[in-house]
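The structure under discussion appears below in the form of structure tokens.
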Amino acid sequence: MNGLLLDSDELRAAGRHLGEFLAAYQEGIASRPVFPVLDRAVIRRLLDEPLPAEGRSIEELFAELGADIIANSTQIAHPRFLAYVLASSTGVAPFAEAAAAALNQNCNLWTLSPAANAIEQKVISWFSELFAIQGGGGIITSGGSMANLSALVAARDSREPVVSRSEGLQGGGAPIVLYTSEEAHNSIDKAAALVGLGLNNVVRIPTDDRFRIRLDLLREAVAADRSAGRVSFCVVATAGTITTGAIDPLEELVAYCGEERLWLHVDGAYGAFAVFSSRVRDQLVAAGQADSLTLDPHKLLFMPLEAGCVLFRDPESWQDVFSFPSTYLSMPEEPDLLHYAEYGPQLSRGFKALKIWWSLRACGINAYTTAIDGVLDLAAYMGELVEAQPTLELLAPVTLTAVCFRVRNLDDAHNAEVLRVLLRDGLAFLGRARVGGRVCLRACFTNLRTTRADVDAIVEEVSRTAAGLE
Ligand SMILES: Cc1ncc(COP(=O)(O)O)c(C=O)c1O
């Protein structure tokens, strides 16, 4: 090693180590416990290591990664990791991450990232095409939360003169109010708080028996607020609610928000990429008619963390919002390329689009359709198994890839205990959620390696563990 650099031979050797590491990781993943039995000595060593004076070889670093680090990691790519909405990665994406780090493009000014700029635009235009958006725009973000935040900033600022750039929300106007369902993700509350709305101005609308926002109650809430002098300005619909995967009635919401001049944002972080499947496309495609749409490639596009995205139907509605001209960032214009610094809150930005672009081109859309159909199938299959099992109860219809269920004869604490035992024994990592106020076990299929045999084994394990607790 030459100071901080590797010479060409060392780089080639390190590349071989990376390939070896990835192959060995994939080969061994299913036989590892999904949740590690923590080796306290290793964790202690990681915590206590002094700042190193001398360097060590790449071989040593990879050896440590392949032993201590993997053994003390949660196996997100394990076929029985079904918690939260966390995907396993496409095969090609880790290589794109390495290549992007080497190129180290700063995707803020086109002058610092010309090809990356074109690639990001291409990815955004392909995403727009999936939702039949014409002439829109967007930006790759770190994830769904940042995408939701960016959308709400644009929605808020679209309400000039009630909200002005110079006065913010302190201009003394009437309070502006946002509506979303009781099932919406907490990143909406977080974003609303960050844009200064105040949580009292976020109205949570109850849902129907399929966990979709009640349009009749939304209409009533907006009418009541308006007659009380408040400014209703935005509705956030969800395409794939975090707990049950419900899809709000998007077409109706598009029509309603259009009539009422309300900004419609669709949080499609979990579910929108299911648009690849003809089974649910009809429920999702209307998301393209919203003013803004959050997508999360690190969920159902199977990207490694981090990669989110926000699309805007009308680029002019958001372009000015993030544009703060300054002399030190001034640069020549180039008709085909954008200054992404003016399209979102970040200045310096990495080349996240590369892993998406490579994955889409390396795999092709047909492979994505097959993968999404595959995870939808697994969820539907698990739903059927649960319904066929008298000791288990399905708590919500299976719309996308989430299955919420519980053991009938156990109370909340014991249902939670079932999850704990599965995790303790390294058998499966399911999520814990509440549906209708009751604790449930939640399996969310976003993993490319899960099979029906895994689903059979999980349902069997749940039943066996529950019988032991009864
Ligand atoms: C519906 C929904 N919105 C937003 C988010 C937040 O996305 P991220 O974790 O990428 O910030 C999630 C995460 O699961 C989600 O399911």
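Every number for a ligand or one of its atoms is a count from 1 in the order of the listing.
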Taking atom types as modelled, find out whether S348 and N106 have a side-chain donor-acceptor pair closer than 3.5 angstrom.
yes
Salt bridge check, E120 against R349: does any charged N sit closer than 4.0 Å to a carboxylate O?
yes
Which is closest to atom 3 (N) of ligand 1 by heavy-atom distance: L295, D267, T446?
D267
Short side-chain donor-acceptor distance under 3.5 Å, Q121 and Y340
no
Of the backbone atoms (N, CA, C, O) and the side-chain heavy atoms from C-beta on, which set of N148 has a member under 4.0 Å from an atom of ligand 1: side chain, backbone, both, or neither?
side chain
Between W110 and H339, what is the ring plane arrangement, given parallel below 30°, perpendicular above 60°, and tilted in between?
parallel
Under 3.5 Å between some N or O of ligand 1 and some N or O of Y270?
no
Selected option - heavy-atom contact closest to atom 4 (C) of ligand 1, from A147, G240, G144, S187
S187
Contact partition for K299 relative to ligand 1, non-hydrogen atoms under 4.0 Å:
side chain
Between H298 and ligand 1, which part of the residue brings a heavy atom under 4.0 Å of the ligand: side chain, backbone, both or neither?
side chain
Among all the protein's non-hydrogen atoms, which is closest to atom 16 (O) of ligand 1, and how far away is it?
I242 CD1, 3.3 Å
Do T401 and Y270 have side-chain N/O donor and acceptor atoms under 3.5 Å apart?
yes
Less than 4.0 angstrom from a charged side-chain N to a carboxylate O is my criterion; do R449 and D454 meet it?
no
Atom 15 (C) of ligand 1: nearest protein contact (heavy atom, Å)
H185 CD2, 3.5 Å
What is the ring orientation for F276 with Y368, classed by angle as parallel under 30°, tilted 30 to 60°, or perpendicular over 60°?
parallel
For atom 11 (O) of ligand 1, the protein heavy atom that lies nearest, with its residue and separation:
S145 OG, 2.6 Å
